Structure formats: C-alpha cells, structure tokens
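In what follows, a structure is listed as structure tokens, so that the remarks can point back to it.
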Amino acid sequence: MCDRGDRNLAEPGREAMRARFAPSPTGYLHVGGARTALYNYLAVHSAGGEFILRSDDTDTERSSDEFQRDILDGMAWLGLDWDEGIERGGPHAPYQQSERLPRYQAVAESLLAQGKAYLCFATAEELDEMRRVAQSEGRPPGYDGRYRDFDPDEAQSRRAAGDHAVIRLKVPRPGETVFADLVRGEVRFDHEHVEDFVILRSNGTPTYHLASSVDDIDFEITHVIRGEDLLSSTPKHILIGEALGAAPIKYAHLSLLMGPDGKKLSKRHGDTSLRAYRDAGYLAEAMVNYLALLGWSYGEDSDIFTLEEAVGRFSLEDVQPNAAIFDNDKLEWMNGTYIRAMSDEAFADHVGPMLASAFGDLTDLQHNRLAAILPHVKERTKLLTEVPGQVRFLMSEDVEYDQGSWEKVMKAPEARAAIEDARHRLSALESWDAATIEESLRAMLDQLQLNGRKGLQPIRVAISGSSVSPPLFESMEVLGKTATLARIDISLELLTAA
RNA sequence: GGCCCCGUCGUCUAGCGGCCCAGGACGCUGCCCUCUCAAGGCAGUAACGCCGGUUCAAAUCCGGUCGGGGCUACCA
C-alpha cells in the first residue's frame, strides 16, 4: 500500500505521536467509542508517544457528569489508561472543554480581527430559506456567504449595538482541501462544498469544530484517530488549523461499527453501551481482544491476544477502511475462551459479585460447595452471568425441578428403576467422592443394561432439577450424601404421585 | 438531491500483479469423544458485487456501474 500517506511514524528525529480520545459526555460509552479509544491507545503505544483523554463537553445541555463517569469507568475497565487528560492532569490542563471557553472566544476574535473570519447576522429563517433554495436549484446546500464581504467596522458596531452575530470562518474560495488519511489514502474536498461555517455561536460558545481543532493544536496532537462520521468535517478542521498557522495534523478515520442488519450500530440493536456488555458477563480482556479485531488483524497465527501483544504488532496503516459488523457470536466464543483460560481463583473472584447478588451472604456450606464446583462450571461458561443458574441447585436445600427436563427424562420407562437401584447402592457407600460414586453408578448401569445417557440422566434431574448440569458425579460429591439421597427420595415420591 | 467513504465466505479478516480454481477465525453441518451441557479432535459448507480496460498474467492497477454507509446545524 503505497498511497496511504506517511507511514514513517516512528522515523528517528520525528516527534513522538500524540493522539487523543475525545468523547463528548452526552451518552454512555458505547462499543464503537470503546473501539476508537482502543485504536488510539494501540497507535500511541505501538509508535511511542502520549495518549490524551479529553472531554468534548461544549454541549452543556446534553453533557452530564454521569456520562463522563461512565466513560472514565469504561476506559479503566478495559485497561486503556491515558498519559494526560481528565483526572490525570498534564501540561495542557484543563482537559475539559467547558473550562476552556475563554480560549476559544479569544481564538475566534483573533481570527475575526485578522480578517480570516467574519461576523454574520443571518437569522435562522434566512438560513432555512438558503438551504431550501439551494436544494431546489440543485446547488451545494449551505450558507451563501452573504456577510462575507460586509464591512468589518460596520459589522462591529452593529454587534456592539446588540445585534446577535455568529463568527464564521472565511473559507478560501475557490479552493480545495486535500489530505492523506492514514487509513483511506488521499481524500479531497472542493471548497464549493465547504460552507463558511460557524466557529463561534451568537451566545459566545464555540462550535465543536472550533473547540476540537483549537484543542488539538493547543495540546500538540499529532494524530487524530476517530470515527468516519467526522471525515466530512475534516476540511473544516484543517482550515481552522491553517488559519491559525498551526502545524498540520495527520488524520486516520476508522470505519463505523454496524449492527447485524448492516446499519450503523445503535440502540435499535439493543443496548450497545460498553456497560451493558460488562453487566452481561463479558470479560474486559475478551472485549478488548474482540474490538481490536474489528478492522484489524493480529496475524494469521492467532485471533487471541492480549492488549500488550496487540501493541507489539499494531500499525495504523494496516487498519481496514471498510465497515465492520459487530458479531456477538464471535465475541461470546472469545469470552468463553478467556474464561476457560482463567485460573480457578480468578474465575471465583469474577463471579463472586453476581453470586452474592443472587444468593446473598454465603454460608460456609455454600462457600465450600462453590469452591468445589466452580472449576467444573468454569469450563462450560461463556458469560459470567450464566453461573448463578448453573450452581443454583447447590445453593439451596430445595430442588426446583425444571418442567421440560422432567418431562423429557423422568417419563422414560427406565428412569424409575435406575433411580431406585442407584439409591440402594449409594446409600450403602462408605466414602463419598466422585470416583466412588461413579464406580457405584457404573455398576448400576451394568446391572440394568443401560447406557450412560439413559441411566444417568434421571439421576441428574433428580439431584440438580435439570437435564443440564455440571458433571454428575462431581455434583453429587459436592452436594453430599445426605442431600443427594434426600433429593433422590423426593424425585421417587414425585414419580409415584404422578 | 449534493459531497465524501467503502465493497474477499453468513460474519471478522489474510491477500499489496504470478506462490490464490483464494488462507485463517467465528458461525453452520456431519462424524468422533462422551454422564448432560460445554470443551476437544476430524471432515465439510461457503467469497474476490457487476461490466469494461491495462498487462504475457488481476482478488490485487484504472474507469464505469450497482450496492452499502457517513455527512449535509448557531449537535458532537
């Protein structure tokens, strides 16, 4: 790929990369934002440099502390720590745009004074009319520049007199903005399609374009890595930078994440907040791993890797420009892979909170049973949230028989005989461990000429309440002899009653 | 409508003019293993959107076309 811009990111003598993730706290951190943050992190760490976290909260109406908290928590959960920024400070503090308003105003006024921007008094009605007419005439829509050549002194006095005015950037015309996107190659925009856009609102607050561009310059950002939805706005940002005489910034626009239907991932595809995945029982490591694969490939040797390993191979130029569909099946498979790779202790730690919320404070008995069964449950878990259901039969002295399982298994002709025979043998057992239990039940199968499926499933349902459970012999061992026999008796009574 | 981006199996991707009648992973199907469910093993299914051009040779380069997506605010 020779047309994808400058790839000498780590060239000696070049300054270190400085990239930023600048979410606006107007919503929970969603998986798409998390991926953008991840790619910024990977790019910075693979090239050497600083990762900055900034809050683009100029929209005071929609921004909230709760959302900002959620974003920070999400970043921490994923392990994407930043070198400078919110809650961390740094040489360019504050990193919160709402605290930098005077700076943006000063920049806008200075651009105005230099004649690189101008005051515009057009009303909302005028603007609507402009768009309408332009549309109908098939011309590029947008502001027509009617105040561009208005006399500056007259404009100033008009504003001083109390007329509401916005400040618009004087986009060079004719003109064209061309830049080498790091993942897409050369992109060009004729200024015919870039209107003289607003940089400062009539209420004195900056627009996103101004605030973001000024911060990127002030914070000495070298690489802007963001979603493709901002690709069309890039000429505006470059133009602001040029008007300010700033060093050019490199851009990398990541494709957007799509839902299973091929449409942009959004609430219509369910809860796409990172928090929702965390709550659903996904591991941060699996999430990071999966997200990294959406638009990038680790190599043909493996799909499973750590954040650190990804850093070792990542390069922006290898990022795919095409959109990726978020595939829950693969994420789930990956999560299961990570869970199985965990130590038993780590697994117990991870499911601790959800077991506590499902069963309350644990008794010693419950605790011991969990410690014994969890390693077996771990092997068959894809989502941490499945665990309480898997161990429920060991957490209470009462069994709940699953209707479907009962119908399917206990109605079989050999069920009763198997359970009765098993009861005799088990009650005679002197030691109670999985191996002994298995030996005893195998003898039962032998005796009754039954295969494992037919002869053991009834026992499973009898003691766990379901046709699906952790391994039978181990489950029985953990349950204990007394409780096991009690459950067998209950199932026998139910069989008789029916 | 205008502008911009994108287009390899169902999905994520490898592929940078011959190594490709296209490789890996998830999914799916079948078989094996098996006390259920998982896991594991083996086998299989399945793609270069289309049309032209350049070239001895194209998934790879160019053009067009079709399809998808984004933007088009005094939101970000």
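Order of the sequence lines fixes the chain letters, A, B, ..., with proteins taken first and strands second; residue numbering starts at 1 for each chain. Note that the coordinates shown come from a computational prediction; the quantities given were computed from them, not determined experimentally.
- At the heavy-atom level, A:Met334 lies nowhere under 4.0 Å from the strands shown.
- Atom P of B:rA22 sits at a distance of 16 Å from the matching atom of B:rA58, rounded to the whole Å.
- Each of B:rG69, B:rA25, B:rA38 was ranked by its minimum atom distance to the side chain of A:Lys330; first place goes to B:rA25.
- When the C1' atom is used for both B:rA14 and B:rU8, the distance is 10 Å, rounded to whole Å.
- For B:rC35, its base sits under 3.5 Å from the side chain of A:Arg460 at one donor and acceptor pair at least.
- Note that A:Arg226 lies outside the cation-pi zone of A:Tyr251, set by a 6.0 Å cut-off to the ring centre and a 45° limit from the axis.
- The listed nucleotides are B:rG10, B:rC5, B:rC35; the one nearest the side chain of A:Gln457 is B:rC35.
- Between B:rA76, B:rC3, B:rG69, one nucleotide has an atom nearer to the side chain of A:Ser233 than all others, and that is B:rA76.
- Distances from the side chain of A:Trp333 to the nucleotides B:rC35, B:rG23, B:rG27 place B:rG27 closest.
- When Watson-Crick and G-U wobble pairs are counted only if both distances are under 3.5 Å, B:rG52 pairs with B:rC62.
- We find the OG-CG distance between A:Ser212 and A:Leu230 to be 7.0 Å, quoted to the nearest 0.5 Å.
- Heavy atoms of A:Arg139 sit nowhere under 4.0 angstrom from any nucleic acid atom.
- Across B:rG69, B:rC3, B:rC12, the shortest atom-to-atom separation from the side chain of A:His193 is found for B:rC3.
- Residue-level contact check: A:His209 touches the bases, meaning some heavy atom is under 4.0 Å from a base atom.
- Within the 4.0 angstrom heavy-atom criterion, only backbone atoms of the sugar-phosphate kind lie near A:Ser297; the bases stay farther away.
- Using a 4.0 Å heavy-atom distance criterion, A:Phe326 is classed as making no nucleic acid contact.
- Note on A:Thr58: only backbone sugar-phosphate atoms sit closer than 4.0 angstrom, heavy atoms only; bases stay farther off.
- The residue A:Arg168 sits close only to the backbone: its heavy atoms come under 4.0 Å of sugar-phosphate atoms, none of a base.
- One N or O donor and one acceptor, one from the side chain of A:Ser202 and one from the base of B:rC74, sit under 3.5 Å apart.
- Spacing of C1' atoms, B:rU55 relative to B:rA73, comes out at 50 Å, to the nearest Å.
- When the C1' atom is compared between B:rU72 and B:rA59, the two are found 34 Å apart, to the nearest whole Å.
- Nearest nucleotide to the side chain of A:Ser232, out of B:rG70, B:rA76, B:rG27: B:rG70.
- For the atom pair CG of A:Leu307 and CD of A:Glu285, the computed distance is 9.0 Å after rounding to the nearest 0.5 Å.
- Among the atoms of the strands shown, base atoms are found under 4.0 Å from some heavy atom of A:Val166.
- Nearest-nucleotide mapping onto RNA chain B: of A:Glu228 and A:Asn451, the residue sitting toward the 5' end is A:Glu228.
- For B:rG1 and B:rC9, the P atoms lie 27 Å apart once the distance is rounded to whole Å.
- Within 6.0 Å of CD in A:Glu129 there are more than 12 heavy atoms belonging to other residues, nucleotides or ligands.
- Which of B:rG7, B:rU11, B:rC4 sits closest to the side chain of A:Val187 comes down to B:rC4.
- More than 12 non-hydrogen atoms from other residues, nucleotides or ligands lie less than 6.0 angstrom from CZ of A:Phe189.
- Rounded to the nearest Å, the gap between the P atom of B:rG30 and that of B:rA38 is 13 Å.
- Contact check, A:Arg131 against B:rG1: no side-chain N or O comes under 4.0 Å of OP1 or OP2.
- Nucleic acid contact for A:Leu472: base, since at least one base atom lies under 4.0 Å from a heavy atom of the residue.
- Between A:His209 and A:Ile199, the closest side-chain pair of non-hydrogen atoms is not below 4.5 Å.
- When each of B:rC74, B:rC4, B:rC12 is scored by its nearest atom to the side-chain atoms of A:Phe189, the top-ranked nucleotide is B:rC4.
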If you apply the rule salt bridge (Lys or Arg N to Asp or Glu O under 4.0 Å), what do you find for A:Asp128 with A:Arg132, and how did you get there?
CA-CA 6 Å; A:Asp128 287 342; A:Arg132 204 182 56 70; over 6 Å; no
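- Nucleotides B:rU29 and B:rG15 place their P atoms 31 Å apart, quoted to the nearest Å.
- Note: CZ (A:Arg313) to C1' (B:rA14) measures 13 Å, nearest angstrom.
- As a whole-Å value, the separation of A:Leu256 CG from B:rG70 P is 7 Å.
- Between the CG atom of A:Leu231 and the P atom of B:rU72 there is a distance of 12 Å, given to the nearest Å.
- Residue A:Ala341 is classed as having no contact, given no heavy-atom separation below 4.0 Å to the nucleic acid.
- With A:Val461 as the fixed residue, the side chain to side chain contact (heavy atoms under 4.5 Å, CB included) test singles out one of A:Ile419, A:Val409, A:Leu456, A:Val468: A:Val409.
- A donor-acceptor contact under 3.5 Å is not formed by the side chain of A:Arg184 with the base of B:rC5.
- Nucleic acid contact for A:Leu230: base, since at least one base atom lies under 4.0 Å from a heavy atom of the residue.
- Within 4.0 Å (heavy atoms only), A:Gly295 reaches sugar-phosphate atoms of the nucleic acid but no base atom.
- In this structure, A:Phe179 atom CZ and B:rC3 atom C1' are separated by 13 Å, rounded to whole Å.
- Taking atom C1' in both B:rU60 and B:rC19, the straight-line distance is 14 Å, to the nearest Å.
- The nucleotide whose nearest atom lies closest to any side-chain atom of A:Ala324 is, among B:rC12, B:rG70, B:rC37, B:rC12.
- Considering only side-chain atoms of A:Gln320, the nucleotide from B:rC35, B:rC4, B:rA14 that sits closest is B:rA14.
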